[in-house]
Amino acid sequence: MLSRTADHLYWMARYIERAENMARVLDVTNYMSLMPNAFHNEAGQWRPAVLIADTTTAFEEYYGEYSAANVIRFLALDERNPSSIVSALKRARENARAIRAAISTEMWENINAMWIEFHSIASENSVLDKPEEFCDWVKSRSHLFRGVTYGTMLRDDAFNFVRLGTFMERADNTARLLDVKYHLLLPSAAEVGGAMDYYEWSAILRSVSALGSYQKIFSDAIESWRVAELLVLRHDMPRSLHACLDEVTPILEQLCSTRGWECLRLAGELHASLHYGRMENIFQQGLHEFLQEFIERNYALGSEIQHTFLNVPDSTV
Amino acid sequence: MNMNISNAYDEMRESGGNVRDIYQTFAHWLQCTNIGKLNQKSREAELLFRRVGITFNVYGEDAGAERLIPFDIVPRILSAAEWQVLSAGAIQRVRALNAFLNDIYHGQEIIKAGILPADFLGNGMYRPEMQGIDVPGGIYAHIAGIDIVRTGESQFYVLEDNLRTPSGVSYMMEDRKMMMRLFPELFRRYSVAPVEHFPQVLLNNLRATAQPGVSKPTVVLLTPGAYNSAYFEHAFLAHQMGIELVEGQDLFVKGNAVFMRTTEGPQQVDVIYRRIDDDFLDPLAFREDSMLGVPGLVSVYRNGGVTLANAIGTGVADDKSTYTYVPEMVHFYLGEEPILSNVPTYKASIAADRKYILAHLAELVVKEVHGSGGYGMLVGPSAGKAQIEEFRARIIADPGNYIAQPTLALSTCPTLVEQGIAPRHVDLRPFVLSGKTVTLIPGALCRVAMREGSLVVNSSQGGGTKDTWILNDAQ
């Protein structure tokens, strides 16, 4: 397959996944802001969402104040923000358009219809008025696109690059979400075991569609360390770091049949740390330190994938 | 003043108002279908086209602005007998044009015979790089679009030949798909020749023109990229043929071969169906500011390391100043009588013609010799005084750059417009494919001028398209 085609496929998937995760963050932030007696002020509630996307500098330059309306505008509709939902959806569709011959007709029509529909539903008024409806729409479009991809795409390398993009992005997003939330919540958990604690942690689970799974697995009170375990080490939790690397590693094994050993090595190493890791050790190291290191190593793997397959420098041909 | 529509030949109705035989069934159906339903179907088509992303970009508008070409739901219908004449004529013309290209880049017998003037090679479209180069099968124009207009029952004229990178075939196929989806009942009543196999025929031809000795040729489609006006078509054809859609940056030259960068390392390319103009193909050979091309490509091509379709330098044959000689070429190379006629053409470079042109500007259509897409054109009868005077000055300043033709009363076809069904002028572009044989898929792009009385059918000027039905014999 053309390297450029692989590049577009990979980034198409990454941007769709990014849009979905951004919607999840926005949705849960909005939900928490509706809780009575929230122990944070408005800025305290909304700032973490911007923090997760690692875009505080740009936000403070354009908006300044962390109000609900500002954060929603910035994360959902502001094209100046490269991580906003609109930017991610637009880029996903542009990548798809550049390779519409390489994906199935249904996939192209689906992503194109998404972009057309976006313009009819995503007015500033309607998004600010009902952010939850908008976030649901983004999530369901992402589900739809993944469904049409799984249902119609030939199982060749193109399919592998799409999945690779999805899981590389998801691993990064889950790690960031957990890192920011964990960091913010723990110091303020004065009322450990209290009602607010329950809502905060359940909100995190809800944001990665894992509340039901948590209850099924532990059937116990929601404890912060169990939440962390679920999102880091549980291989059967579809958005956990372990589950993402469970997908990435075999994909790379298939793609690296003749070259790209460094990709394989980096992925294998990262996978092993999750596959054989123990939560006690991670907490000893410090969850924040562990997640920061994960984000960096995942990024390094992404760069290696980029150099090996997607933008091959001339010197290597 | 616009063309008086009532004088034009109407595809559906005789001048007395009676419906022509081939349109009888359609006319009956139309009568039984209320206008509300037609409008609703038309809107449905627009939504579908937008969803499928059958859009084009207009030069000069915002980068990335995508527009739909208006699609009209009334088909252009041609009988088997009419098609017989058109297809034979178009094939004959392309055979002559390929022979001409082979000749002009080799022995130039046609100049020696005095049919073309000795200074013909001064034509800006002649590519000295191609002189003496043999191309596989002697085929230069693998894909040709022949623009044909009609002015009467059996009066067909070739308006121009498109031998460089003709576009529009995706509309021929998508319009058909749309019609079958919107009005399946009509296809039960008419036996319409199918067109879906076009990409297969094209692919077979492209494979057949690989350099001798290549056993399983790798064919790719080279596009300028997603912001090109015809990008949809490039993607569509690549998808239909199952070949890679590449941009210049995906290809590179090493030794006497062209490779594409793939995720498994470099892979050699044997045939390039290129949708990039000559000028932009190779910054080392032509325009050095071209970001679209592949450095070194032309040198590999000249050494026989890769096939380009269409060949480099076909512009010398479809240039408007060459056009007038095509009937002569049919005589000269094929020893046959031309089946299709040319439109009478006056060349401003010839003193007598120029005098006639300047005296009759208000009646003529004036075109730039190298122009295309309906740009740089004067339609005398509908132009204002200022525009006519502007062209007069331009022609006097640079006569070699202009030709003129009588304003033809292009035939009209019923078309759904705001006021209901009304006649609009149409043309026809069938696509001729040259490989081991020269063939024509029974279908064509039919372009329609959506504005009342307008004769300009180009999509860049607001023209629309119609599905073209070639009927099987037994109707």
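Convention: sequence-line order gives letters A, B, ...; per-chain numbering from 1. If you're wondering where the values come from, they're calculated on a predicted model, not measured in any experiment. All heavy atoms count here, side chains included; hydrogens, waters and symmetry mates do not.
Between the CH2 atom of A/Trp108 and the CZ atom of B/Arg51 there is a distance of 12.0 Å, given to the nearest 0.5 Å. Atom CD of A/Glu94 sits about 4.5 Å away from atom OH of B/Tyr227, to the nearest 0.5 Å. Note that the CZ atom of B/Arg261 and the CG atom of A/Asn311 stand 10.5 Å from one another [nearest 0.5 Å]. Of the inter-residue distances, the one linking A/Thr5 atom OG1 with B/Glu247 atom CD reads 9.0 Å to the nearest 0.5 angstrom. Atoms OG1 and OH, on B/Thr263 and A/Tyr10 in that order, are 14.0 Å from each other to the nearest 0.5 Å. In this structure, CG on B/Asp250 lies 4.0 Å from CZ on A/Arg4, to the nearest 0.5 angstrom.
With a threshold of 4.5 angstrom between heavy atoms, A/Leu2 approaches chain B through its backbone and through its side chain. Heavy atoms of A/Leu255 lying under 4.5 Å from chain B are absent altogether. Heavy atoms closer than 4.5 Å to chain B are found in the backbone of A/Ile103, but not in its side chain.
The contact list for residues 148-170 of chain A toward chain B, using heavy atoms and a distance under 4.5 Å, reads A/Asp157, A/Phe161 by residue number.
Each of B/Gln240, B/Gln249, B/Glu244, B/Arg50 has some count of heavy-atom pairs under 4.5 Å with chain A, and the biggest count is that of B/Glu244.
When the shell of 6.0 Å around CZ of A/Arg80 is examined, it contains more than 12 heavy atoms from other residues, nucleotides or ligands. Crowding of A/His235 atom NE2: a count of heavy atoms from other residues, nucleotides or ligands under 6.0 Å not exceeding 12. Counting non-hydrogen atoms of neighbouring residues, nucleotides and ligands closer than 6.0 angstrom, the CD atom of A/Glu79 exceeds 12 such neighbours. In this structure, B/Phe187 places its CZ atom where more than 12 heavy-atom neighbours from other residues, nucleotides or ligands lie under 6.0 Å away.
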Which pairs would a plain distance check flag for residues 215-225 of chain B, meaning a side-chain donor or acceptor within less than 3.5 Å of a matching protein atom at least two apart in sequence or in another chain?
unit_1: B/Thr223; atom_1: OG1; unit_2: B/Gly225; atom_2: N; d: 3.0
unit_1: B/Thr223; atom_1: OG1; unit_2: B/His234; atom_2: ND1; d: 2.8

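Shortest non-hydrogen contact noted between A/Ala101 and B/His239 is O-ND1, 2.8 Å.
A/Arg100 has its side chain out of reach of B/Phe236: every pair of non-hydrogen atoms, C-beta onward, lies at least 4.5 Å apart.
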